S.K.: 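Have a look at the structure that comes next, please.
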Protein chains: 2
Amino acid sequence: MHRPRKEMIAATRGKLIAAARHAFGTIGYAEASMDDFTASAGLTRGALYHHFGDKKGLLQAVIAEIDGEMAVRVNEVASKAPTRWQHFVDECTTYIEMALEPEIQRIMFRDGPAVLGDPAQWPNANACTASMTDHLTALQQEGVVVADLDPETAARLINGASSQAAQRIANSKDPEATSKKAIAAFKQLLEGLHKRA
Amino acid sequence: MHRPRKEMIAATRGKLIAAARHAFGTIGYAEASMDDFTASAGLTRGALYHHFGDKKGLLQAVIAEIDGEMAVRVNEVASKAPTRWQHFVDECTTYIEMALEPEIQRIMFRDGPAVLGDPAQWPNANACTASMTDHLTALQQEGVVVADLDPETAARLINGASSQAAQRIANSKDPEATSKKAIAAFKQLLEGLHKRA
DNA sequence: CAATTGGCATACAGTGCGTATGTGAGTAGG
DNA sequence: CCTACTCACATACGCACTGTATGCCAATTG
(Lines give C-alpha, C1' and ligand atoms only; values in the text may rest on other atoms or scores of the structure.)
Protein backbone atom coordinates (compact mmCIF):
# COMPACT_ATOMS: atom_id res chain seq x y z
CA MET A 1 0.00 0.00 0.00
CA HIS A 2 1.56 3.24 -1.13
CA ARG A 3 -1.40 5.54 -0.79
CA PRO A 4 -0.47 7.43 2.38
CA ARG A 5 2.65 8.79 0.77
CA LYS A 6 0.81 10.05 -2.32
CA GLU A 7 -1.95 11.49 -0.24
CA MET A 8 0.43 13.42 1.97
CA ILE A 9 2.07 14.92 -1.08
CA ALA A 10 -1.24 15.96 -2.59
CA ALA A 11 -2.27 17.45 0.73
CA THR A 12 0.94 19.46 0.91
CA ARG A 13 0.48 20.80 -2.60
CA GLY A 14 -3.09 21.68 -1.80
CA LYS A 15 -2.13 23.54 1.35
CA LEU A 16 0.54 25.51 -0.45
CA ILE A 17 -1.80 26.45 -3.28
CA ALA A 18 -4.52 27.47 -0.87
CA ALA A 19 -2.20 29.60 1.24
CA ALA A 20 -0.63 31.24 -1.79
CA ARG A 21 -4.01 31.86 -3.36
CA HIS A 22 -5.16 33.67 -0.27
CA ALA A 23 -2.00 35.76 -0.02
CA PHE A 24 -1.89 36.61 -3.72
CA GLY A 25 -5.59 37.42 -3.74
CA THR A 26 -5.43 39.81 -0.81
CA ILE A 27 -2.06 41.56 -0.55
CA GLY A 28 -0.96 40.69 -4.09
CA TYR A 29 1.82 38.63 -5.64
CA ALA A 30 4.67 41.09 -5.17
CA GLU A 31 3.89 41.80 -1.52
CA ALA A 32 3.32 38.19 -0.57
CA SER A 33 6.33 36.84 1.31
CA MET A 34 7.02 33.19 0.64
CA ASP A 35 8.20 32.70 4.20
CA ASP A 36 4.97 34.14 5.52
CA PHE A 37 2.40 32.22 3.55
CA THR A 38 4.24 28.91 3.61
CA ALA A 39 4.41 29.29 7.39
CA SER A 40 0.69 29.98 7.48
CA ALA A 41 0.27 26.57 5.82
CA GLY A 42 2.50 24.99 8.44
CA LEU A 43 5.36 24.53 5.98
CA THR A 44 8.52 26.26 4.77
CA ARG A 45 9.85 27.48 1.48
CA GLY A 46 11.62 24.16 1.09
CA ALA A 47 8.34 22.47 0.25
CA LEU A 48 7.43 25.23 -2.15
CA TYR A 49 10.63 25.02 -4.15
CA HIS A 50 10.41 21.24 -4.20
CA HIS A 51 6.93 21.19 -5.70
CA PHE A 52 6.70 24.33 -7.80
CA GLY A 53 10.25 25.33 -8.66
CA ASP A 54 9.81 28.98 -7.79
CA LYS A 55 7.30 31.66 -6.90
CA LYS A 56 6.09 31.98 -10.49
CA GLY A 57 5.50 28.24 -10.66
CA LEU A 58 3.24 28.46 -7.66
CA LEU A 59 1.35 31.34 -9.22
CA GLN A 60 0.80 29.22 -12.32
CA ALA A 61 -0.64 26.44 -10.20
CA VAL A 62 -2.94 28.88 -8.41
CA ILE A 63 -4.11 30.30 -11.73
CA ALA A 64 -4.77 26.87 -13.17
CA GLU A 65 -6.94 26.06 -10.18
CA ILE A 66 -8.94 29.28 -10.39
CA ASP A 67 -9.39 28.96 -14.14
CA GLY A 68 -10.82 25.49 -13.69
CA GLU A 69 -13.30 26.73 -11.12
CA MET A 70 -14.34 29.63 -13.31
CA ALA A 71 -15.01 27.38 -16.26
CA VAL A 72 -17.23 25.17 -14.15
CA ARG A 73 -19.20 28.10 -12.81
CA VAL A 74 -19.69 29.65 -16.23
CA ASN A 75 -20.99 26.41 -17.68
CA GLU A 76 -23.34 25.84 -14.78
CA VAL A 77 -25.02 29.19 -15.13
CA ALA A 78 -25.08 29.54 -18.88
CA SER A 79 -26.32 26.06 -19.72
CA LYS A 80 -29.82 26.96 -18.56
CA ALA A 81 -30.48 29.61 -21.19
CA PRO A 82 -33.29 29.05 -23.75
CA THR A 83 -31.44 30.09 -26.90
CA ARG A 84 -27.82 29.74 -27.83
CA TRP A 85 -27.41 33.47 -28.19
CA GLN A 86 -28.82 33.96 -24.72
CA HIS A 87 -26.53 31.21 -23.52
CA PHE A 88 -23.63 33.15 -24.93
CA VAL A 89 -24.71 36.44 -23.38
CA ASP A 90 -25.24 34.77 -20.00
CA GLU A 91 -21.78 33.31 -20.25
CA CYS A 92 -20.35 36.80 -20.71
CA THR A 93 -22.28 38.40 -17.87
CA THR A 94 -21.37 35.54 -15.55
CA TYR A 95 -17.80 36.16 -16.49
CA ILE A 96 -18.19 39.79 -15.47
CA GLU A 97 -19.74 38.79 -12.17
CA MET A 98 -16.86 36.49 -11.39
CA ALA A 99 -14.39 39.18 -12.33
CA LEU A 100 -15.97 41.29 -9.62
CA GLU A 101 -14.49 39.09 -6.93
CA PRO A 102 -11.29 40.70 -5.62
CA GLU A 103 -9.32 37.47 -5.64
CA ILE A 104 -10.10 36.71 -9.26
CA GLN A 105 -9.56 40.29 -10.34
CA ARG A 106 -6.23 40.56 -8.64
CA ILE A 107 -4.79 37.18 -9.59
CA MET A 108 -6.29 36.57 -13.02
CA PHE A 109 -6.47 40.10 -14.41
CA ARG A 110 -3.70 42.05 -12.71
CA ASP A 111 -0.81 40.13 -11.20
CA GLY A 112 -1.13 37.12 -13.47
CA PRO A 113 -0.65 39.02 -16.72
CA ALA A 114 2.08 41.19 -15.20
CA VAL A 115 4.11 38.23 -13.95
CA LEU A 116 3.37 35.55 -16.54
CA GLY A 117 2.60 37.62 -19.62
CA ASP A 118 -0.30 37.48 -22.05
CA PRO A 119 -3.03 35.20 -20.66
CA ALA A 120 -3.71 33.92 -24.16
CA GLN A 121 -0.34 32.19 -23.96
CA TRP A 122 -0.95 30.50 -20.62
CA PRO A 123 -0.82 26.74 -21.04
CA ASN A 124 -3.33 25.66 -18.40
CA ALA A 125 -5.76 28.50 -18.06
CA ASN A 126 -7.90 29.03 -21.10
CA ALA A 127 -11.01 27.06 -20.31
CA CYS A 128 -13.28 30.12 -20.18
CA THR A 129 -12.18 31.64 -23.44
CA ALA A 130 -12.27 28.25 -25.12
CA SER A 131 -15.90 27.85 -24.17
CA MET A 132 -16.81 31.28 -25.46
CA THR A 133 -14.99 30.60 -28.69
CA ASP A 134 -16.99 27.41 -29.21
CA HIS A 135 -20.27 29.20 -28.75
CA LEU A 136 -19.33 31.95 -31.15
CA THR A 137 -18.39 29.39 -33.76
CA ALA A 138 -21.71 27.61 -33.36
CA LEU A 139 -23.65 30.87 -33.50
CA GLN A 140 -21.83 31.75 -36.66
CA GLN A 141 -22.79 28.46 -38.32
CA GLU A 142 -26.38 29.04 -37.31
CA GLY A 143 -26.29 32.44 -38.95
CA VAL A 144 -26.98 34.33 -35.75
CA VAL A 145 -23.61 36.01 -35.70
CA VAL A 146 -21.93 37.70 -38.63
CA ALA A 147 -19.82 35.30 -40.69
CA ASP A 148 -16.89 37.61 -41.17
CA LEU A 149 -15.45 37.22 -37.71
CA ASP A 150 -12.73 35.17 -36.10
CA PRO A 151 -14.34 33.55 -33.06
CA GLU A 152 -11.29 33.29 -30.85
CA THR A 153 -10.28 36.86 -31.54
CA ALA A 154 -13.76 38.05 -30.70
CA ALA A 155 -13.75 36.01 -27.51
CA ARG A 156 -10.54 37.66 -26.40
CA LEU A 157 -11.81 41.16 -27.10
CA ILE A 158 -14.97 40.43 -25.17
CA ASN A 159 -12.81 39.13 -22.39
CA GLY A 160 -10.95 42.41 -22.25
CA ALA A 161 -14.15 44.41 -22.18
CA SER A 162 -15.52 42.17 -19.44
CA SER A 163 -12.59 42.69 -17.17
CA GLN A 164 -12.85 46.45 -17.59
CA ALA A 165 -16.53 46.30 -16.84
CA ALA A 166 -15.83 44.34 -13.69
CA GLN A 167 -13.12 46.72 -12.54
CA ARG A 168 -15.40 49.65 -13.12
CA ILE A 169 -18.10 48.10 -11.01
CA ALA A 170 -15.72 46.96 -8.31
CA ASN A 171 -14.15 50.40 -7.85
CA SER A 172 -17.40 52.29 -8.00
CA LYS A 173 -18.95 54.25 -5.15
CA ASP A 174 -22.34 52.93 -6.15
CA PRO A 175 -21.74 49.40 -7.44
CA GLU A 176 -25.43 48.77 -7.97
CA ALA A 177 -25.88 51.63 -10.41
CA THR A 178 -22.53 51.15 -12.06
CA SER A 179 -23.26 47.49 -12.59
CA LYS A 180 -26.40 48.33 -14.53
CA LYS A 181 -24.61 50.82 -16.72
CA ALA A 182 -21.64 48.55 -17.34
CA ILE A 183 -23.70 45.51 -18.25
CA ALA A 184 -25.93 47.61 -20.48
CA ALA A 185 -22.94 49.02 -22.33
CA PHE A 186 -21.46 45.56 -22.58
CA LYS A 187 -24.60 44.05 -24.09
CA GLN A 188 -24.75 46.94 -26.50
CA LEU A 189 -21.31 46.08 -27.76
CA LEU A 190 -22.28 42.44 -28.13
CA GLU A 191 -25.17 43.52 -30.34
CA GLY A 192 -22.56 44.46 -32.90
CA LEU A 193 -21.91 40.79 -33.48
CA HIS A 194 -25.53 40.06 -34.27
CA LYS A 195 -26.30 39.63 -37.94
CA ARG A 196 -28.61 42.42 -39.14
CA ALA A 197 -31.84 41.73 -40.89
CA MET B 1 19.54 84.46 -13.10
CA HIS B 2 18.35 81.24 -11.58
CA ARG B 3 17.79 79.31 -14.77
CA PRO B 4 20.83 76.99 -14.69
CA ARG B 5 19.74 75.47 -11.42
CA LYS B 6 16.17 74.87 -12.56
CA GLU B 7 17.36 73.52 -15.82
CA MET B 8 19.72 71.07 -14.19
CA ILE B 9 16.92 69.79 -12.02
CA ALA B 10 14.59 69.36 -14.94
CA ALA B 11 17.35 67.62 -16.85
CA THR B 12 17.92 65.23 -13.96
CA ARG B 13 14.23 64.42 -13.72
CA GLY B 14 14.11 63.89 -17.44
CA LYS B 15 17.11 61.59 -17.42
CA LEU B 16 15.66 59.51 -14.62
CA ILE B 17 12.29 59.21 -16.32
CA ALA B 18 13.89 58.29 -19.63
CA ALA B 19 16.15 55.66 -18.08
CA ALA B 20 13.33 54.18 -16.03
CA ARG B 21 11.00 54.21 -19.01
CA HIS B 22 13.48 52.24 -21.02
CA ALA B 23 14.12 49.73 -18.24
CA PHE B 24 10.44 49.30 -17.37
CA GLY B 25 9.53 48.98 -21.01
CA THR B 26 12.06 46.30 -21.79
CA ILE B 27 12.78 44.08 -18.79
CA GLY B 28 9.72 45.19 -16.81
CA TYR B 29 9.09 47.02 -13.56
CA ALA B 30 9.81 44.18 -11.15
CA GLU B 31 13.07 43.18 -12.80
CA ALA B 32 14.36 46.71 -13.20
CA SER B 33 17.00 47.44 -10.58
CA MET B 34 17.03 51.03 -9.39
CA ASP B 35 20.79 50.93 -9.01
CA ASP B 36 21.18 49.80 -12.60
CA PHE B 37 18.98 52.24 -14.42
CA THR B 38 19.92 55.24 -12.32
CA ALA B 39 23.55 54.41 -13.06
CA SER B 40 22.75 54.21 -16.77
CA ALA B 41 21.53 57.80 -16.43
CA GLY B 42 24.76 58.78 -14.70
CA LEU B 43 23.04 59.15 -11.34
CA THR B 44 22.32 57.18 -8.18
CA ARG B 45 19.21 56.18 -6.29
CA GLY B 46 19.69 59.23 -4.14
CA ALA B 47 18.41 61.43 -6.94
CA LEU B 48 15.50 59.11 -7.54
CA TYR B 49 14.30 59.14 -3.96
CA HIS B 50 14.75 62.86 -3.77
CA HIS B 51 12.55 63.56 -6.78
CA PHE B 52 10.02 60.74 -6.83
CA GLY B 53 9.81 59.36 -3.32
CA ASP B 54 10.03 55.73 -4.31
CA LYS B 55 9.99 53.32 -7.20
CA LYS B 56 6.22 53.57 -7.60
CA GLY B 57 6.44 57.33 -7.75
CA LEU B 58 8.84 57.09 -10.63
CA LEU B 59 6.53 54.67 -12.41
CA GLN B 60 3.72 57.18 -12.01
CA ALA B 61 5.85 59.87 -13.61
CA VAL B 62 6.74 57.57 -16.50
CA ILE B 63 3.10 56.70 -17.01
CA ALA B 64 2.03 60.33 -16.98
CA GLU B 65 4.58 61.10 -19.68
CA ILE B 66 3.50 58.21 -21.90
CA ASP B 67 -0.17 59.01 -21.43
CA GLY B 68 0.44 62.55 -22.56
CA GLU B 69 2.24 61.40 -25.67
CA MET B 70 -0.49 58.92 -26.48
CA ALA B 71 -3.18 61.55 -26.22
CA VAL B 72 -1.30 63.81 -28.62
CA ARG B 73 -0.83 61.04 -31.14
CA VAL B 74 -4.44 59.96 -31.01
CA ASN B 75 -5.66 63.47 -31.59
CA GLU B 76 -3.27 64.06 -34.45
CA VAL B 77 -4.42 61.04 -36.38
CA ALA B 78 -8.10 61.10 -35.63
CA SER B 79 -8.71 64.79 -36.26
CA LYS B 80 -8.44 64.24 -40.02
CA ALA B 81 -11.48 62.02 -40.36
CA PRO B 82 -14.44 63.25 -42.45
CA THR B 83 -17.26 62.30 -40.08
CA ARG B 84 -17.35 62.24 -36.33
CA TRP B 85 -18.13 58.55 -36.25
CA GLN B 86 -15.12 57.90 -38.44
CA HIS B 87 -13.12 60.15 -36.19
CA PHE B 88 -14.15 58.01 -33.27
CA VAL B 89 -13.32 54.76 -35.02
CA ASP B 90 -9.93 56.09 -36.10
CA GLU B 91 -9.27 57.09 -32.54
CA CYS B 92 -9.88 53.51 -31.44
CA THR B 93 -7.75 51.89 -34.10
CA THR B 94 -4.94 54.33 -33.43
CA TYR B 95 -5.18 53.33 -29.84
CA ILE B 96 -4.77 49.70 -30.83
CA GLU B 97 -1.78 50.52 -32.96
CA MET B 98 -0.10 52.31 -30.10
CA ALA B 99 -0.87 49.43 -27.79
CA LEU B 100 1.13 47.28 -30.16
CA GLU B 101 4.34 48.93 -29.07
CA PRO B 102 6.06 46.76 -26.47
CA GLU B 103 6.91 49.67 -24.21
CA ILE B 104 3.34 50.92 -24.06
CA GLN B 105 1.92 47.46 -23.68
CA ARG B 106 4.22 46.55 -20.87
CA ILE B 107 4.08 49.77 -18.90
CA MET B 108 0.52 50.97 -19.50
CA PHE B 109 -1.35 47.67 -19.74
CA ARG B 110 0.61 45.20 -17.65
CA ASP B 111 2.94 46.52 -15.00
CA GLY B 112 1.10 49.78 -14.47
CA PRO B 113 -2.20 48.22 -13.45
CA ALA B 114 -0.44 45.54 -11.39
CA VAL B 115 1.59 48.04 -9.40
CA LEU B 116 -0.71 51.06 -9.25
CA GLY B 117 -4.12 49.46 -9.53
CA ASP B 118 -7.08 50.26 -11.76
CA PRO B 119 -5.99 52.73 -14.48
CA ALA B 120 -9.34 54.46 -14.21
CA GLN B 121 -8.21 55.69 -10.81
CA TRP B 122 -4.87 57.07 -11.97
CA PRO B 123 -4.74 60.80 -11.35
CA ASN B 124 -2.56 61.91 -14.27
CA ALA B 125 -3.17 59.39 -17.00
CA ASN B 126 -6.63 59.51 -18.45
CA ALA B 127 -6.25 61.77 -21.42
CA CYS B 128 -6.99 59.07 -23.97
CA THR B 129 -10.12 57.77 -22.34
CA ALA B 130 -11.31 61.29 -21.69
CA SER B 131 -11.09 62.09 -25.36
CA MET B 132 -13.01 58.98 -26.35
CA THR B 133 -15.65 59.76 -23.78
CA ASP B 134 -16.14 63.21 -25.24
CA HIS B 135 -16.62 61.86 -28.73
CA LEU B 136 -19.11 59.29 -27.59
CA THR B 137 -21.10 61.96 -25.81
CA ALA B 138 -21.18 64.13 -28.92
CA LEU B 139 -22.15 61.19 -31.14
CA GLN B 140 -24.94 60.42 -28.77
CA GLN B 141 -26.31 63.95 -28.98
CA GLU B 142 -26.16 63.77 -32.74
CA GLY B 143 -28.19 60.58 -32.66
CA VAL B 144 -25.48 58.46 -34.25
CA VAL B 145 -24.96 56.36 -31.16
CA VAL B 146 -27.68 54.80 -29.07
CA ALA B 147 -28.92 57.08 -26.31
CA ASP B 148 -29.10 54.48 -23.61
CA LEU B 149 -25.38 54.29 -22.94
CA ASP B 150 -22.97 55.74 -20.44
CA PRO B 151 -20.14 57.24 -22.51
CA GLU B 152 -17.34 56.85 -20.01
CA THR B 153 -18.27 53.26 -19.27
CA ALA B 154 -18.36 52.46 -22.96
CA ALA B 155 -14.99 54.13 -23.44
CA ARG B 156 -13.46 51.93 -20.76
CA LEU B 157 -14.88 48.75 -22.22
CA ILE B 158 -13.56 49.68 -25.62
CA ASN B 159 -10.26 50.37 -24.01
CA GLY B 160 -10.16 46.87 -22.60
CA ALA B 161 -11.04 45.34 -25.92
CA SER B 162 -8.37 47.44 -27.62
CA SER B 163 -5.63 46.28 -25.35
CA GLN B 164 -6.62 42.65 -25.90
CA ALA B 165 -6.63 43.22 -29.63
CA ALA B 166 -3.17 44.70 -29.44
CA GLN B 167 -1.80 41.86 -27.35
CA ARG B 168 -3.23 39.36 -29.74
CA ILE B 169 -1.55 41.02 -32.66
CA ALA B 170 1.72 41.52 -30.84
CA ASN B 171 2.01 37.88 -29.80
CA SER B 172 0.94 36.48 -33.11
CA LYS B 173 3.11 34.44 -35.47
CA ASP B 174 1.62 36.33 -38.39
CA PRO B 175 0.98 39.86 -37.16
CA GLU B 176 -0.22 41.04 -40.53
CA ALA B 177 -3.06 38.55 -40.73
CA THR B 178 -3.90 38.74 -37.05
CA SER B 179 -4.07 42.50 -37.25
CA LYS B 180 -6.72 42.32 -39.93
CA LYS B 181 -8.80 39.85 -37.97
CA ALA B 182 -8.47 41.75 -34.72
CA ILE B 183 -9.37 45.12 -36.18
CA ALA B 184 -12.29 43.60 -38.07
CA ALA B 185 -13.64 42.01 -34.91
CA PHE B 186 -13.11 45.23 -33.05
CA LYS B 187 -15.02 47.32 -35.58
CA GLN B 188 -17.77 44.75 -35.50
CA LEU B 189 -18.16 45.28 -31.78
CA LEU B 190 -18.24 49.03 -32.26
CA GLU B 191 -21.13 48.59 -34.69
CA GLY B 192 -23.18 47.57 -31.68
CA LEU B 193 -23.13 51.18 -30.52
CA HIS B 194 -24.57 52.47 -33.78
CA LYS B 195 -28.18 53.40 -33.64
CA ARG B 196 -30.21 51.13 -35.92
CA ALA B 197 -32.51 52.45 -38.60
C1' DC C 1 31.24 87.26 1.10
C1' DA C 2 28.95 84.56 4.53
C1' DA C 3 25.00 81.78 5.41
C1' DT C 4 21.73 78.67 3.95
C1' DT C 5 19.14 75.87 1.04
C1' DG C 6 18.63 71.74 -1.37
C1' DG C 7 20.13 68.48 -5.08
C1' DC C 8 22.35 64.44 -5.08
C1' DA C 9 25.75 60.77 -3.33
C1' DT C 10 27.21 57.53 0.16
C1' DA C 11 26.58 54.30 3.92
C1' DC C 12 23.72 51.26 6.36
C1' DA C 13 19.97 48.14 7.72
C1' DG C 14 16.17 45.15 6.76
C1' DT C 15 13.97 41.79 3.95
C1' DG C 16 13.11 38.50 0.53
C1' DC C 17 14.45 35.20 -3.11
C1' DG C 18 16.98 31.24 -4.67
C1' DT C 19 20.32 27.43 -3.83
C1' DA C 20 23.00 24.05 -1.58
C1' DT C 21 22.88 20.90 1.90
C1' DG C 22 21.00 18.10 5.60
C1' DT C 23 17.59 14.79 7.79
C1' DG C 24 14.19 11.63 8.69
C1' DA C 25 10.31 8.93 7.11
C1' DG C 26 8.72 5.85 3.75
C1' DT C 27 9.96 2.11 0.24
C1' DA C 28 12.19 -1.74 -2.12
C1' DG C 29 15.44 -5.84 -2.38
C1' DG C 30 17.54 -9.91 -0.02
C1' DC D 1 13.21 -8.33 9.07
C1' DC D 2 16.94 -5.71 8.12
C1' DT D 3 19.56 -2.71 5.10
C1' DA D 4 20.13 0.52 1.44
C1' DC D 5 18.01 3.90 -1.15
C1' DT D 6 14.62 7.55 -2.46
C1' DC D 7 12.45 11.62 -1.81
C1' DA D 8 9.60 15.10 0.69
C1' DC D 9 10.66 18.78 3.22
C1' DA D 10 13.54 21.73 6.51
C1' DT D 11 17.63 24.40 7.52
C1' DA D 12 21.46 27.44 6.46
C1' DC D 13 23.70 30.58 3.58
C1' DG D 14 24.72 34.14 0.07
C1' DC D 15 23.19 37.67 -2.80
C1' DA D 16 20.46 41.41 -4.55
C1' DC D 17 17.31 44.92 -3.90
C1' DT D 18 14.57 48.56 -1.58
C1' DG D 19 14.26 52.31 1.58
C1' DT D 20 16.31 55.56 5.07
C1' DA D 21 19.57 58.30 7.41
C1' DT D 22 23.38 61.02 6.82
C1' DG D 23 26.94 63.79 4.53
C1' DC D 24 28.85 66.89 1.02
C1' DC D 25 29.16 70.42 -2.27
C1' DA D 26 27.37 73.79 -5.48
C1' DA D 27 24.14 77.33 -6.25
C1' DT D 28 21.36 81.01 -4.47
C1' DT D 29 20.37 85.00 -1.44
C1' DG D 30 21.03 88.88 1.50
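Values below: all heavy atoms of this structure, side chains included; hydrogens, waters and symmetry mates excluded. Quantities reported herein were computed from a predicted structural model and do not represent experimental measurements.
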S.K.: Measure from the side chain of A:Ala47, starting at C-beta and using heavy atoms only, and say which of C:dC8, D:dA8, D:dA10 lies closest.
M.R.: D:dA10

S.K.: Partners of A:Arg110 by side-chain contact (heavy atoms from CB on, under 4.5 Å), sequence neighbours excluded?
M.R.: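 Only A:Gln105, A:Gln167, B:Asp118 meet the side-chain contact (heavy atoms from CB on, under 4.5 Å) criterion with A:Arg110.
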
S.K.: Could B:Arg106 and B:Glu31 be called an ion pair, given the rule that one side-chain N must be under 4.0 Å from one carboxylate O?
M.R.: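 Looking at B:Glu31 together with B:Arg106, the answer is no, because their closest N to O distance does not fall below 4.0 Å.
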
S.K.: Across the strands shown, which category fits B:Leu48 at heavy-atom distances under 4.0 angstrom: base, sugar-phosphate, nothing?
M.R.: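 Nothing: the residue B:Leu48, judged by heavy atoms under 4.0 Å, touches no strand.
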
S.K.: At less than 4.0 Å, is any side-chain N or O atom of A:His50 found next to OP1 or OP2 of D:dC9? Yes or no.
M.R.: no

S.K.: CZ/A:Arg168 to CZ/B:Arg156 distance, rounded to the nearest 0.5 angstrom?
M.R.: 6.5 Å

S.K.: Are A:Met108 and A:Leu116 linked, directly or through intermediate hydrophobic residues, by side-chain heavy-atom contacts shorter than 4.5 Å (ILVMFWY only)?
M.R.: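 Result: yes, single cluster for both.
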
S.K.: Among D:dT18, D:dA10, C:dT19, which nucleotide sits nearest the side chain of A:Tyr49?
M.R.: C:dT19

S.K.: For A:Trp85, which residues count as a ring pair (Phe, Tyr, Trp, His ring centres under 6.0 Å) partner, sequence neighbours excluded?
M.R.: A:Phe88, A:His194

S.K.: For B:His87, look at atom NE2 and say whether over 12 heavy atoms of other residues, nucleotides or ligands are found less than 6.0 Å away.
M.R.: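 More than 12 within 6.0 Å, yes.
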
S.K.: Between D:dA10, D:dA8, C:dG6, which nucleotide has the shortest distance from any of its atoms to the side chain of A:Leu43?
M.R.: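 When the side chain of A:Leu43 is considered, D:dA10 is the closest of D:dA10, D:dA8, C:dG6.
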
S.K.: With 3.5 Å as the limit, what N/O pairs link the protein to nucleotides 13-17 of chain D?
M.R.:
none

